[in-house]
Amino acid sequence: MTDAGADLIHVDVMDGHFVPNITIGPGVVRALKPHSPLPFDVHLMIAPVDPFIPDFASAGADIVTVHAEAGPHLHRSLALIREQGCKAGVSLNPSTPAAAVAPVLDAVDLVLVMSVNPGFGGQSFIESQLDKLGALRRMIDGSGRDIALEIDGGINPETGRRAAKAGADILVAGTAAFAGGERAYAENILRLRGDA
Ligand code: ZN
C-alpha cells in the first residue's frame, strides 16, 4: 500500500468487548512500523482505552484515535494521547451525534466518522453519516482549527466520492483497497481518489 500511493496506514484495533471482534495489539503495530514510512493512524476500538494508549504510542502510532463512546472521560483520553507525543483523534459510532465532538474540539487533530457499526470489514455504508460529515465539516471550519475529517466503513469509489463532497478529507478503505490482490492496489487507490 505504501508503494501503491496510500497517504496513511490505518490500523483497526478491536478488543472483543467494545466491538464484537478481536484484531491486533501494540505488538503488531510495532512489527509493521518499520515496513512503511507513512504515518500510522491507529484506530482504537477498545474499552477501557486509557491503559493502552502509552503502549500504542511507543509501538509507533503517529495518530491515536479513541471512541467517544469508549469511556466516561474522553477529554482525559485525548490529553493523554497528546502527552505521549501523538496526534489525537476522536471517533463517533453511527448512532452518536456530531455534537459529541463540540466540547473537545480544542483537544483533537482528527475526527473519524464511522459509516458502519465497527467490528467487521466488508459492511455496507450507512447513508445517514453523510449529513453528520457535513455537520462536522461546518463545525471544524467554523472553529478555524486544523482538524482532519476522516470516514471509515463501506468506502469504495462511489461512497468515497460522496463522502468527500460532504466534507471528508481522509477516506479509509479496506475491502476496496485490497480487492484484486497486490497488483491491483495502485489502481484501487487511484479509483478511490477519483483519478481513474
Ligand atoms: Zn478504522
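What you see is a predicted model, and the numbers here were worked out from it, not measured in a lab. Whatever order the structure lists ligands and atoms in, that order sets their numbers, starting from 1. Basis for what follows: all heavy atoms, side chains included, without hydrogens, waters or symmetry-related copies.
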For the Zn ion (ligand 1), give me the closest N/O/S atom belonging to H43, just the atom name. ND1
To the nearest 0.5 Å, what is the distance between CE (M114) and OG (S95)? 11.5 Å
Restricting to N, O or S atoms, which atom of D12 is closest to the Zn ion (ligand 1)? OD1
Closest D152 atom to the Zn ion (ligand 1) [N, O or S only]: OD2
Check this for me: does any side-chain nitrogen of one of D62 and K33 sit under 4.0 Å from a carboxylate oxygen of the other? yes
Taking only Lys NZ, Arg NE, NH1 and NH2, and the carboxylate oxygens of Asp or Glu, determine whether R193 and D7 approach each other closer than 4.0 Å. yes
Using modelled atom types and a 3.5 Å cut-off, is there a donor and acceptor pairing between side-chain atoms of T159 and backbone atoms of G154? yes
